[in-house]
Each structure stands twice: as C-alpha cells, then as structure tokens.
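Here is the structure we will look at, set down as structure tokens.
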Amino acid sequence: MTLELIVFIAAILFGALLYWRESNGNGLYRFFNKVVNSKELQMKADDKTGFVYQQSFLLRLVFISFLFLIGIVITRFLIPIDLATISIFASMIVGTVLGTYLANFIFKSSEVIEDKSDSLEDIVHDTIEKGKDFIDDIKNKDTQTNTIEKVVEKEVPKAPEKSARERLKDKGLLK
C-alpha cells in the first residue's frame with residue numbers, strides 16, 4: 001500500500017510535468033502526426049494539441065495507458081523482478097491523468113489571474129472603500145441614536161388625555 005501511494009503521488013507530479021512539457025512544445029506529437037497522417041490530414045502549424053495537452057479525457061487515458069504499458073513491458077524485460085503489478089499500473093495511470101488535469105487547472109487559473117489582475121485590484125480597493133464607508137455609517141448611526149434617546153428623555157410629559165369613555169360620551173355614543 002505504501003509503494004502504491006508513493007507511485008500515485010509521483011505519477012501526479014509526472015502528469016503535471018508531462019502536461020507542462022507539452023504545453024511548451026508538441027514536437028513528438030507532430031512527428032507522429034506527420035508519420036501517420038497524409039498531407040491533407042496533418043495538423044496545422046498553429047495547432048498546439050499534444051498527447052495530453054488540449055485532448056479529451058478518453059484520448060488522454062489511452063495515450064497515458066499506452067505510455068505506461070510500454071514502460072512496464074520494458075521494465076519486465078530489463079528487471080526480472082515482479083515489480084510492475086496491476087495495482088501499481090492502475091495507480092500510475094490514474095495519478096498521471098489526475099496530474100494533467102491538476103496542471104491544466106493551475107495554468108488556467110494563472111491565466112485568469114493575469115488577465116484580471118488590474119480589475120481585481122480595483123475591485124479590492126472599491127470593497128475596502130465601501131467597508132470604510134459602512135463602518136463610518138454605523139458609527140454615525142450610533143451617535144444619532146444616542147442623541148435621539150437623550151432628546152426623547154428631555155421631552156416634556158404630555159397633558160393627560162381624555163379616556164375612551166369620555167371620548168365616547170363626547171360623540172354621543174355613551175350616556
């Protein structure tokens with residue numbers, strides 16, 4: 001279990017490294033594209049698609065599985081020890097796919113932060129100013145309510161009013 005966990009974490013880092021490497025250049029993918037496809041079907045010069053970069057989930061899974069399958073076959077021939085088990089193989093694949101999506105999230109969020117950094121600064125500044133205004137309003141309301149309470153306390157008591165019975169007698173409804 002410990003070895004699988006270590007392999008899983010290493011695979012996440014490998015997936016992030018693989019994604020970052022393909023985001024900078026996709027020469028290997030272009031090479032295979034030129035070998036496999038005819039001139040009309042080859043990718044355009046400005047296309048940045050790679051084995052994992054800008055690919056759908058299913059194609060990422062297939063390419064990463066194939067990569068690790070080749071790696072395990074080579075490892076089995078070089079090292080006759082039964083090190084490459086199915087659970088480690090699955091941990092490597094899942095970790096690498098997860099690492100590619102983690103790297104994608106990090107790249108996208110850094111792009112959004114760079115694009116919105118100026119407006120984000122203005123939003124934070126406006127929020128701070130509104131907070132200061134709100135605190136000032138609260139302080140002013142506290143002093144206003146204190147002065148109103150003092151004025152209410154200082155008011156002269158009203159003259160006694162007629163009771164309900166006397167008002168009804170005035171209207172002629174009661175005798």
Side-chain angles (χ1 to χ4, degrees), residues 1-139 141:
M1 183 67 182
T2 305
L3 181 62
E4 291 170 1
L5 187 61
I6 292 170
V7 167
F8 181 72
I9 293 170
I12 291 173
L13 295 174
F14 176 71
L17 178 70
L18 188 64
Y19 189 86
W20 172 75
R21 180 69 183 102
E22 278 203 349
S23 70
N24 290 332
N26 57 355
L28 188 62
Y29 189 79
R30 284 187 181 282
F31 171 73
F32 280 115
N33 190 303
K34 284 183 182 179
V35 169
V36 174
N37 294 327
S38 65
K39 186 75 171 170
E40 299 85 30
L41 297 176
Q42 289 179 5
M43 58 193 293
K44 296 181 178 34
D46 60 343
D47 193 4
K48 291 192 169 253
T49 305
F51 288 108
V52 292
Y53 185 71
Q54 294 181 345
Q55 286 289 358
S56 65
F57 171 74
L58 190 59
L59 283 175
R60 278 187 197 192
L61 186 65
V62 168
F63 288 137
I64 290 172
S65 299
F66 188 71
L67 173 73
F68 281 118
L69 187 62
I70 291 172
I72 285 177
V73 168
I74 291 171
T75 304
R76 295 288 285 199
F77 282 120
L78 293 178
I79 303 172
I81 301 171
D82 189 22
L83 183 65
T85 63
I86 293 175
S87 63
I88 291 177
F89 180 65
S91 295
M92 288 188 296
I93 291 171
V94 171
T96 305
V97 170
L98 186 67
T100 59
Y101 280 102
L102 182 69
N104 182 21
F105 173 73
I106 291 171
F107 287 158
K108 292 290 183 184
S109 63
S110 64
E111 288 174 5
V112 168
I113 288 172
E114 286 176 5
D115 291 343
K116 302 286 183 177
S117 64
D118 295 333
S119 64
L120 186 65
E121 182 179 326
D122 294 336
I123 290 170
V124 170
H125 182 68
D126 291 343
T127 305
I128 290 172
E129 291 301 321
K130 287 179 183 177
K132 287 179 183 177
D133 294 341
F134 181 70
I135 290 173
D136 290 339
D137 289 345
I138 290 175
K139 287 180 183 177
K141 285 182 182 178

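Of the inter-residue distances, the one linking Leu61 atom CG with Ser56 atom OG reads 10.0 Å to the nearest 0.5 angstrom. With rounding to the nearest 0.5 Å, the separation of CG in Leu13 from CG in Leu18 is 12.5 Å. Atom CG of residue Leu78 and atom CD1 of residue Ile74 lie 7.0 Å apart, to the nearest 0.5 angstrom.
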Contacts table for residues 90-99: side-chain donor-acceptor under 3.5 angstrom, sequence neighbours left out:
{"residue": "Ser91", "atom": "OG", "partner": "Ser87", "partner atom": "O", "Å": "2.9"}
{"residue": "Thr96", "atom": "OG1", "partner": "Met92", "partner atom": "O", "Å": "2.6"}

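Residues Ile72 and Ile88 form no side-chain contact, since every pair of their non-hydrogen atoms from C-beta on lies 4.5 Å or further apart. Phe14 has its side chain within reach of Leu67: a pair of non-hydrogen atoms, C-beta onward, lies under 4.5 Å apart.
Across Ala103 and Ala16, no two heavy atoms sit closer than the pair CB-CA, 3.8 Å. The two atoms that bring Tyr53 and Ser23 nearest to each other are CE1-CB, 3.4 Å, heavy atoms only.
Annotation: side chain to side chain contact (heavy atoms under 4.5 Å, CB included) contacts of Ile6 (sequence neighbours excluded): Thr2. Not counting sequence neighbours, the partners of Phe63 by the ring pair (Phe, Tyr, Trp, His ring centres under 6.0 Å) test are Phe51.
Judged by a 6.0 Å distance limit and a 45° cone about the ring axis, Arg60 is not positioned over the six-membered ring of Tyr19.
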